[in-house]
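Below is one structure, written out as structure tokens; comments come after it.
A, B, ... follow the sequence lines: proteins, then strands. Residue 1 opens every chain. Values below: every heavy atom of this structure, side chains too, minus hydrogens, waters and symmetry copies.
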Amino acid sequence: MTEEIPRLELEGITKAYPGVIANNNVSMKIMPGEIHALLGENGAGKSTLVKFIYGVQKADSGTLKWEGEEMIIPNPNAARKLGVGMVFQHFSLFDAMTVEENIAIGISKELASGDLNQRIRDVSQQYGLPLDPDRYVHTLSVGEKQRIEVVRCLLQDPKLLIMDEPTSVLTPQEVDELFVTLRALSEEGVSILYISHKLQEIKDLCHFATIMRMGEVVDDCIPAEESPRSMAEMMMGANLVSPEKPGKTEPGAPHLVVRDLSLASSHQHGVDLKNVSLEVRKGEVLGIAGIAGNGQMELMQVLSGEKLIDDPSAVSIGNEAVGKSGPKIRRNAGMGFVPEERLGHGAVPEMSLWENAFLSGSKSMNLMDKGFINIKGSVDYALNIVSEFNVKTPGVQHTANSLSGGNLQKFIFGREILQCPGVIVALQPTWGVDAGSAAFIRQSLLDLAANGAAVLVISQDLEELFEVSDRLSVICEGELSPPRPAEEFTVEEIGLLMAGLSHDHQDEKVAHA
Amino acid sequence: MLRLELRGEMSRSMIYWSPFFAVILTFIAGMIMFTILGVDPLKAIITFFIEPLNSLDGIAELFVKATPLVLIAIGLSFGFQANVWNIGAEGQLTIGALAGGGVALLFFNVDSPLLMPGMLIAGVLGGMAWAAIPAFLKTKFGTNEILTSLMLTYVGLLVLSYLIHGPWKDPEGQNFPESRLFHDAAIIPIILEETRLHFGWIIALFGVAIAWVVMTRHMIGFQIRVIGMAPMAASFAGFKEKHIIWLTLMISGGAAGLAGTIEVSGPVGQIIPVISPGYGFTAIIVAFLGRLHPVGCLFAGLLMALTYLGGDNAQIEMNLPNAVTGVFQGMLLFFLLASDVLVRYRVRFGAAKKVTAGEGA
């Protein structure tokens, strides 16, 4: 053998949807054992390409060679039989079923039989992806749901593993552990197609990167020889403006205060909040780090008023105790919220942008007249959001679900920020958002704080938290660590706190062992 | 070969085309059915759908029949959009008719211009009261309103039966289970001489206009739509689900009760054992055929009213069983649901491109 046969070779893949060319003449090669990064902003055509490889979608033209043999993969089942495993960015899980049942229906019968439960436990242990096979999916957070997909794939011993943003829910230590696993898999000859926005990870992990923009391959590189910044610029085709902290200002008085908040979760497998206290001062950004499913969702619900507490003074804004008041009253008191789910929580997918602008701005933007919707006012408000927050959309009559993730997130942020909130609480502000939009959103959070608002960002993305936070705190199993200035933390330290292994805890565990 | 292909997004135009397909398919299936019954299909269709509208009287009658259907359907649409499934409009209609009719009997022979409005208000309140039971049970105990509202329909019919067999029976009625005939002040005014077309039709048209404004322009309609499309977004915005459950059941119950009162004080003029030939149930079909839109409900209500008239006419002219009406109504709903597939899928001719000999799914 003179030359190694690529595991997968694509040539001239083209796929058009009505109105857009999602993939235009895309060619790439993945060698056995290669960890190959696929880079591009949202809408660059990565998902379409990956769906084609996985047999979800057919291309209009172009060829696919698997281990040198030209073929067409008609459906995901065939892909799986070839040895292609895929971890999707959007999960295909049934809420009313357990983790084990969900994994069982996604794999072949032979694989699903026998001691599946135990194998799930083993694999999740081995790869640092804690997962209880008996829990129901609807009780899980986004992060935990993604773990199911990762574990499901690893159970199938794939030859080509496609991973779409796999690390967004892991602690730095877990990312390192996963990378150890991925590298080991790569040494065993498994090829990995790795899609991520985290350029540092790509630099650390991947052997080769293909960069896509607007449906075409625009560049490729060896990530180890590039900087994250240079890769980001290749992918955007423009210079990246990273968020800048405005000059340090002295934070003002505590504005959003949570005191001794304890709350038993309403879900059987939810996380109880234990004695949570926090203060966000005017003009500062407080970041809360943590792995998904450690009480972030519950904390967000309590802060937004979607979940009420018996003790009104447990949550207060300024001097107003709002623990027992619903979202409307809190908005009137000057709070703004950006929930984790864009579609269906932060915005109504089938409603137009102007109706979605009205959704949370009806009162504070004066868009209601004796109960009637001021349509002109709402449209103007939506247009204002679109222009000030650089939302790419053909018009505000278009529905929220027609926007890309990054654009919709900018719209939602714009909607909340333009209401001039004194407090803004954001959960996972840039999850699944392209780098350009993410930078824009982070910058607007910093600007908001600089203008005197109290900003609380709950996120799993440490890069993001370090970029925006003045002070940091970590949530783990419903407990909040005491906040400290962000620059005093090291990544390792945060990782330990996220894993629930602060120094004193570690001692305790050792003592119990 | 014919196959269905998933559309990228829901087809807006198909949402409105689908009812037309349903009507055409119903016609075709109806003609096949008539052929099998040994009846000239063309003649039957003409008897069923055209002849009833040959005269002014027929058209007036169409509006009379459409009045309760339209009123109830627009009420139900509010609930259906918010995923509140009030199936018991027939019961709310009955209790509304008893409440409105009860006022007429209570003030028998009282001539006051306030009597009619009083009856209508009583009718609305009666329907609301009956719908309040499922609303209370659902918000308090989480019961399923489909079951409770449906079962209460039969309770409502028994209440009607009790009253006209007992306390409200016409003392001069030779023991027939009927109330007294209402006096003139309790009869809804006729708006077209020499027909039965009454003021109720105007009320129904007002209802359409009000519902349209509320649904598209008012905060109430906005909340209902948000809660139906994205419950989490509704709680994010601070809309309370319980309020919406109460509100929509009150709207649909009130509308059904109003329709009931209009029936007894209009075409019927007394309380009889069968106030409605299933208007409360047929209105569910009307609501969906009308795409839960007030104007759609107006047209769908007219179409459904025509099936009632056509059924009567076919019975008289061609000796066809009255069940034909029910069959046509059922077919319409059936074909509508089938046509709605086209909202999410498109029909493609020919086999899928590039099917290979790979493993089947």
> Shortest non-hydrogen contact from A:S362 to B:M219?
Replying inline: OG-CE, 4.1 Å
> A:F358: what forms a ring-ring contact (aromatic ring centres under 6.0 Å, His included) with it, not counting sequence neighbours?
Replying inline: B:F222
>> Under 4.5 Å from any heavy atom of chain B, what part of A:Q301 do you find: side chain, backbone, both or neither?
In response: neither
>> Is A:S304 close to chain B through its backbone or its side chain, or both, or neither, when contacts mean heavy atoms under 4.5 Å?
In response: neither
> Which atom names give the shortest non-hydrogen contact between A:P327 and B:G238, and what distance separates them?
Replying inline: CG-CA, 3.5 Å
> Does atom CD of A:Q156 have more than 12 heavy-atom neighbours from other groups under 6.0 Å away?
Replying inline: yes
> Is the closest side-chain heavy-atom distance between B:F236 and A:V348 below 4.5 Å?
Replying inline: no
> Between B:H218 and A:I373, which heavy-atom pair has the shortest distance, and what is it?
Replying inline: O-CD1, 3.9 Å
> Would you find more than 12 non-hydrogen atoms of other residues, nucleotides or ligands less than 6.0 Å from B:K240 atom NZ?
Replying inline: no
>> Heavy-atom cut-off 4.5 Å, strictly under: side chain, backbone, both or neither for A:R330 against chain B?
In response: neither
>> B:S235 and side chain to side chain donor-acceptor pair (under 3.5 Å): which single residue from A:K307, A:H345, A:E306 fits?
In response: A:E306
> Considering only heavy atoms, which portion of A:P349 lies under 4.5 Å from any heavy atom of chain B: side chain, backbone, both, or neither?
Replying inline: side chain
>> Tell me whether B:Y345 at atom OH has more than 12 heavy atoms from other residues, nucleotides or ligands lying less than 6.0 Å away.
In response: no
>> Tell me whether the count of non-hydrogen atoms from other residues, nucleotides or ligands lying under 6.0 Å of CH2 in B:W212 goes above 12.
In response: no
> What distance do B:M232 atom CE and A:E340 atom CD have between them, rounded to the nearest 0.5 Å?
Replying inline: 9.0 Å
> Under a 4.5 Å heavy-atom cut-off, does chain B meet the side chain of A:L359, its backbone, both or neither?
Replying inline: both
